[in-house]
Undergrad: 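Have a look at this one before I ask anything.
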Amino acid sequence: MQDETGLLPSGEAADPRGDLRWGTIGGMLTDVALRLTDGEAIVDGDVRLSYAELDSLVWRATRAFLALGVEKGDRVAIWAPNSWHWVVAALGIQRAGGVLVPLNTRFLAEEATYILRKSEARILCVVGEFLGRDYPLFLRTAAGALGKNHPYALLPQLEHAVAFDSEPRRGVHTWNEFLASGDAITPADAERRAAEVGPEDLSDMLFTSGTTGKPKGAMCTHQQTLRAYTVWSEMVGLREQDRYLVVNPFFHGFGYKAGWLASLISGATILPEKTLDVAHVLDMVRRERVTVLPGTPTLYQTMLEHPDFTTDGVSSLRLAVTGAASVPPNLLYRIKESLGFSHIVTGYGLTESCAIVSMCRHDDPLETVATTCGRPLPHLSVIAADSEGKPLPPGDQGEILVRGYTVMKGYFGEDAETAATIDKNGWLHTGDIGTIDENGRIRITDRIKDMYIVGGFNAYPAEIEKILDSHPAVAQSAVIGIPDERMGEVGAAFIVLRRGSELGEEELIAWARQKMANYKVPRMVYIRTELPTNAAGKVVKGVLREQARELSPGV
């Protein structure tokens, strides 16, 4: 039976299981390890794990999690940078029936404590030290405010912490101690637990960034994740024996699901990158003959501008995937020409939709990649809707709504927030503004929250940034709306120039007046050497707003 949109109530055109090859993520790993026994699964510094060795380590971690008391559905958190430990722990959690809860490595103690409390995580896997921070000490300092003996007094449900390094710490198991504890669990017991985990069980709970309030945990299942990223891998052309340098952080869907998990699904080699150190990235590409390097436009731009860059050093690169909603066309052409990628694709996703909605295909022409986010994954329904949720004609701008197998099961412990995000007909309201053309290709113009109104006209920063980025002297731009007494709001642009270029602020404003409607032209331009970004490589516009207030008192 069809509803008023003319679409099936499920939002799909086929059985939601599709042709899923595996029931669980743990089952996928076992299958791939049997097929690619000696194939290289992970390369991380001096550690090189074959697929068979990875599977064996994950079984040990599974037994260790069971020894710590993990039951089906228990939440287990990881707060650490990209590493082989991260992958082994995550897969062990999922094979034991636990729910993976990744934490942002840039969190301060209070932010991490909030996620751990909210998710009711019983176990935390944590790095000992990263970027000058002692993570376990961080938590103890925040949690010790009650003055109790429990090392994590504000986290009464947190029973164990496991450190990925070997230094003994109060209240924390070392990695080797953790693995050794699993000797009390027989392999048969671990296999029985793994067999009890099913496709509909939760695999992970990724917390939203909290830009519209407190972070919320989006729940996804093994079936959703495997199906989405099997399709994703095929669409982008990820293949066996690819060497995938994962720069995107594992706590983010781009680094986790479209990163190491997609690599395992495809039989590729995972090379975790702990930080966005462009000199190290260029060195890794050269030494390890990297073929796949997804990232944000910021990463590629910085590589091209880096003094260590040479075309010979990146000659192995084959596939680029950029997850930004809006990628300047001139930058894509420059990436293609200078970095030597044979395939460049882009896509669109959000945490609430298993981090994926649409993708370009690996054989799409560059013009399509430069101007769209591709088409929805097969059997997903995606529409641009008006304020009442009704579908708009092709080309008309509205909120992007998604329905189908990638849509989260809901926010953990947030029934009201879930109902406000997924309507009674099953449509996920993304909060993103965009258009869908007659071929089904999606263009994201902006976030609803980022839109600002200039004298009654809606201004969308992503649209303005795309025009500014077409200037030959501009490497990167970010536009925000700031208060204005006369117009309500006006635009302010923060600009990074291409190396060796010169451009005056008034000169750029004059140029912009020739390229866009007057209400879209930024009233202020600030030239910067770099823009503030988060760990996922996205520009942090909240920081820019603070800078604008400092630069323009009264804003």
Side-chain angles (χ1 to χ4, degrees), residues 1-18 20 199-208 211-213 216-228 231-232 253 325 347-359 373-449 451:
M1 185 176 75
Q2 295 179 332
D3 61 16
E4 69 277 5
T5 66
L7 298 168
L8 294 173
S10 66
E12 300 185 338
D15 175 9
R17 290 275 315 259
L20 190 63
E200 296 293 342
D201 288 321
L202 295 182
S203 59
D204 51 71
M205 185 188 299
L206 273 62
F207 275 74
T208 61
T211 53
T212 57
K216 299 178 288 291
M219 300 179 288
C220 287
T221 68
H222 286 259
Q223 174 185 307
Q224 290 177 292
T225 300
L226 283 172
R227 185 179 180 195
V231 172
W232 183 91
Y348 160 62
L350 66 160
T351 303
E352 290 86 346
S353 183
C354 213
I356 184 67
V357 171
S358 67
M359 281 302 301
C373 300
R375 288 172 283 137
L377 270 62
H379 311 307
L380 275 191
S381 295
V382 182
I383 62 172
D386 63 18
S387 59
E388 296 179 353
K390 295 179 180 178
L392 293 167
D396 281 11
Q397 187 168 260
E399 183 182 8
I400 300 298
L401 307 187
V402 182
R403 190 168 65 179
Y405 64 92
T406 64
V407 174
M408 66 174 179
K409 297 303 178 185
Y411 293 123
F412 179 71
E414 298 278 4
D415 292 344
E417 291 282 1
T418 299
T421 304
I422 303 174
D423 67 27
K424 62 182 181 181
N425 292 317
W427 290 106
L428 170 67
H429 290 246
T430 68
D432 290 315
I433 300 293
T435 63
I436 303 175
D437 67 20
E438 61 278 1
N439 296 313
R441 291 192 172 95
I442 299 171
R443 291 175 174 83
I444 300 299
T445 56
D446 228 310
R447 287 286 298 174
I448 288 176
K449 67 178 181 63
M451 182 193 77

Undergrad: Are I422 and M408 packed together at the side-chain level, in the sense that at least one heavy-atom pair is separated by less than 4.5 angstrom?
TA: yes

Undergrad: Return the minimal non-hydrogen interatomic distance between Q224 and V407, and the atom names on each side.
TA: NE2-O, 2.6 Å

Undergrad: Tell me if a side-chain donor or acceptor on D386 pairs with a main-chain N or O of E388 at a distance below 3.5 Å.
TA: yes

Undergrad: Of all heavy-atom pairs between T208 and E352, which one has the smallest distance, and what is that distance?
TA: CG2-OE2, 3.0 Å

Undergrad: What pair of heavy atoms forms the shortest contact from N439 to D437, and how long is it?
TA: N-OD1, 2.8 Å

Undergrad: Spell out, as yes or no, whether a donor-acceptor pair under 3.5 Å connects the side chain of T430 to the backbone of I400.
TA: yes

Undergrad: Measure the spacing between CH2 of W232 and OG1 of T225 and express it to the nearest 0.5 Å.
TA: 14.0 Å

Undergrad: I'd like to know if the side chain of S353 reaches the main chain of G349, judged simply by a donor and an acceptor atom lying under 3.5 Å from each other, with no hydrogens or angles considered.
TA: no

Undergrad: How many angstroms lie between atom NZ of K216 and atom CD of E414, to the nearest 0.5 angstrom?
TA: 7.0 Å

Undergrad: Please walk me through it: do V357 and T406 pass side-chain contact (heavy atoms from CB on, under 4.5 Å)?
TA: CA-CA 8 Å; V357 171; T406 64; 5.6 Å; no

Undergrad: In the structure I gave you, are the side-chain heavy atoms of L202 and F412 within less than 4.5 Å of one another anywhere?
TA: no

Undergrad: For S203 and T221, indicate whether the former's side chain and the latter's backbone hold a donor-acceptor pair under 3.5 Å.
TA: yes

Undergrad: For V231 and Y405, work out which heavy atoms get closest and say how close.
TA: CG2-OH, 4.2 Å

Undergrad: When rounded to the nearest 0.5 angstrom, what distance separates CD1 in I444 from SG in C373?
TA: 5.0 Å

Undergrad: What closest approach, in Å, do A228 and I356 show between heavy atoms, and which atom pair accounts for it?
TA: CB-CG2, 3.9 Å

Undergrad: For N425 and W427, indicate whether the former's side chain and the latter's backbone hold a donor-acceptor pair under 3.5 Å.
TA: no

Undergrad: Could you check whether any side-chain heavy atom of L392 comes within less than 4.5 Å of a side-chain heavy atom of I383, counting everything from C-beta outward?
TA: no

Undergrad: Return the CG to NE2 distance between D204 and H222, rounded to the nearest 0.5 Å.
TA: 8.0 Å

Undergrad: For D396 and A384, which heavy atoms make the closest approach, and how far apart are they?
TA: O-CB, 4.0 Å

Undergrad: Look only at the side chain of T435 and the backbone of Q397, and say whether a donor-acceptor pair between them is shorter than 3.5 Å.
TA: no

Undergrad: How far does NZ of K409 sit from CE of M205, to the nearest 0.5 angstrom?
TA: 14.0 Å

Undergrad: Hey, what do you get for CG (L206) to CE (M219), rounding to the nearest 0.5 Å?
TA: 12.5 Å

